[in-house]
Number of protein chains: 2
Amino acid sequence: MSDHTHPSPAESLIAAQGGRITRTRVAVLDILLAAEQSLTHDEIGVALDDKGIKHDRVTLYRTLDWLVESGVAHKMAGDDRARRFGVAASGPHEHAHFHCDRCGKVVCLEGLQPAVAVNLPGGYQLDRAELVLHGACPTCGKGA
Amino acid sequence: MSDHTHPSPAESLIAAQGGRITRTRVAVLDILLAAEQSLTHDEIGVALDDKGIKHDRVTLYRTLDWLVESGVAHKMAGDDRARRFGVAASGPHEHAHFHCDRCGKVVCLEGLQPAVAVNLPGGYQLDRAELVLHGACPTCGKGA
DNA sequence: GGTGGTTTTGCAACATAGTAGCATTTGCGC
DNA sequence: GCGCAAATGCTACTATGTTGCAAAACCACC
């Protein structure tokens with residue numbers, strides 16, 4: 001529609017995965033990149049709507065799914081049935097997550113992988129470990 | 001409906017929580033007690049139907065919810081949107097779970113809590129840690 | 001810059017998981 | 001046995017996620 005005078009890192013990130021540069025895809029990745037914590041579909045949808053980007057619920061699901069399959073983003077299941085999405089900073093998402101039980105926010109704790117090489121009963125082949133810490137985040141902890 | 005000649009441990013467990021001994025509640029807890037791995041609502045419903053226990057989907061939800069609130073069972077969110085339930089052997093459910101990525105089964109690994117007291121960024125108040133190990137279970141690992 | 005093929009979007013309908021309200025039943029104290 | 005409160009079962013509803021297909025957008029090529 002206009003000249004692309006703002007070459008966001010999202011575009012190059014999408015292009016690096018062999019995907020097409022589309023409005024929705026760039027906007028979603030931009031939102032994910034700017035967010036400090038994992039977001040749900042609904043939150044991303046609201047943010048998308050706030051940016052004036054026309055979108056569909058299904059498109060959002062497929063876009064997020066594509067980002068996860070491309071390794072750009074990663075998804076995780078929270079306490080309720082809402083899946084949350086975040087950008088995968090490093091290659092493997094071998095990092096812990098902190099889930100605040102009060103505000104429900106999920107933050108990625110990069111560079112915080114404990115020794116999970118525990119003694120497996122035998123026969124079990126460990127592929128990856130997912131550690132979720134529950135408690136109160138700094139914001140909610142102070143207001144307690 | 002007949003005389004209770006088999007006083008299952010489920011009954012006393014329910015009574016200890018101050019709950020009423022009902023058909024559904026005893027049967028559900030019995031199934032959970034007998035199962036080695038966590039079960040979904042659907043799996044419990046099938047097992048309930050297999051035992052000839054008349055039940056409703058909503059009743060099952062509420063029964064499971066009551067068991068969780070009473071501390072008898074514990075729930076966790078899997079990879080998909082289906083919640084899984086299992087009996088809480090000890091008091092706090094401070095144990096790890098193993099999720100087989102091939103058959104989708106979730107097993108509770110009792111007595112397998114690693115040192116998760118990692119260095120939190122500060123301000124975060126850790127309440128409990130949930131560790132989910134992903135990989136292949138002995139059954140699926142052998143057939144690979 | 002135009003054209004064509006393929007991907008992506010958008011729409012509608014569907015599928016599954018979980019919840020709410022309320023009348024009826026049932027367990028349990030009395 | 002009686003009565004009350006808890007638990008069940010029913011319908012309907014919400015939320016989350018999926019599938020199929022036609023229209024539009026993106027990109028390669030000319």
Side-chain angles (χ1 to χ4, degrees), chain A residues 1-4 7 10-12 14-29 38-46 48-49 51-70 72-73 75-85 104, chain B residues 1-4 7-8 10-29 38-46 48-49 51-70 72-73 75-85 104:
Chain A
M1 45 199 78
S2 60
D3 54 333
H4 26 66
E11 294 186 8
S12 43
I14 292 169
Q17 305 300 328
R20 288 186 178 177
I21 311 293
T22 66
R23 225 184 338 164
T24 314
R25 210 167 271 186
V26 172
V28 168
L29 191 50
S38 301
L39 302 171
T40 59
H41 273 124
D42 194 52
E43 291 171 321
I44 298 172
V46 169
L48 225 40
D49 199 60
K51 291 178 75 138
I53 309 288
K54 184 183 187 251
H55 67 286
D56 186 68
R57 211 157 54 91
V58 182
T59 304
L60 185 50
Y61 276 108
R62 283 194 274 234
T63 302
L64 256 353
D65 210 47
W66 180 85
L67 286 172
V68 170
E69 284 200 10
S70 301
V72 180
K75 75 166 187 275
M76 63 189 128
D79 281 23
D80 41 12
R81 58 202 149 128
R83 297 181 187 167
R84 291 174 181 276
F85 291 82
Chain B
M1 50 196 74
S2 58
D3 54 333
H4 26 69
S8 40
E11 294 187 8
S12 43
L13 197 50
I14 292 169
Q17 306 301 327
R20 288 185 176 176
I21 311 293
T22 66
R23 225 186 335 167
T24 315
R25 211 167 269 186
V26 172
V28 168
L29 192 49
S38 300
L39 302 172
T40 59
H41 273 127
D42 194 52
E43 291 171 320
I44 297 172
V46 170
L48 225 41
D49 200 62
K51 292 178 77 137
I53 307 288
K54 184 182 186 251
H55 68 287
D56 185 69
R57 211 158 56 89
V58 182
T59 303
L60 185 51
Y61 277 110
R62 282 194 274 234
T63 302
L64 256 353
D65 209 46
W66 180 86
L67 287 172
V68 170
E69 284 200 12
S70 300
V72 180
K75 74 166 188 276
M76 62 189 133
D79 281 25
D80 42 13
R81 57 203 152 126
R83 297 181 187 167
R84 291 174 181 277
F85 290 82

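To find a chain, count down the sequence lines: A is the first, B the second, and so on, and within it residues start at 1.
Extent of DNA chain C lying under 4.0 Å from chain B heavy atoms, first and last nucleotide in 5' to 3' order, is C:dT16 to C:dC28.
Nearest approach of B:L64 to B:H41, heavy atoms of both residues: CD2-CD2, 3.2 Å. Contact detail for A:S38 and A:M76: the closest heavy-atom pair is OG-CE, 2.6 Å. The two atoms that bring A:L48 and A:A27 nearest to each other are CD1-CB, 3.5 Å, heavy atoms only.
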How does protein contact run along nucleotides 15-23 of chain D, one letter per nucleotide 5' to 3', with B for base contact, S for sugar-phosphate only, - for none, heavy atoms under 4.0 Å? BBBBBB---
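Rounding to the nearest 0.5 Å places CH2 of A:W66 at 5.5 Å from CD1 of A:I14. With rounding to the nearest 0.5 Å, the separation of CD in B:Q17 from CG in B:L67 is 9.0 Å. Within the model, atoms OG1 of A:T22 and CD of A:E11 stand 10.0 Å from one another, a figure rounded to the nearest 0.5 Å. B:T24 contributes atom OG1, which lies 7.0 Å from atom CD1 of B:I53 (distance to the nearest 0.5 angstrom). Here the CG-CZ distance, from B:L39 to B:R84, works out to 8.0 Å after rounding to the nearest 0.5 Å.
As a whole-Å value, the separation of A:D56 CG from D:dA25 C1' is 15 Å. The separation between B:L60 atom CG and D:dC10 atom C1' is 15 Å, rounded to whole Å.
OP1 or OP2 of D:dA7 has not a single side-chain nitrogen or oxygen of B:T63 nearer than 4.0 Å.
Identified under the salt bridge (Lys or Arg N to Asp or Glu O under 4.0 Å) test for residues 52-70 of chain A, with sequence neighbours left out: none.
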Tabulate atom names and distances for all N/O pairs under 3.5 angstrom spanning the protein and nucleotides 27-30 of chain D.
| from | atom 1 | to | atom 2 | distance (Å) |
| --- | --- | --- | --- | --- |
| D:dC27 | OP1 | A:I21 | N | 2.7 |

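Note on the helix from C:dG1-D:dC30 to C:dC30-D:dG1: angle between the axes of the first and last five pairs equals 30°, rounded to 10 degrees.
Contacts of A:S70 classified as side chain to side chain donor-acceptor pair (under 3.5 Å), with partners at least two apart in sequence or in another chain: none.
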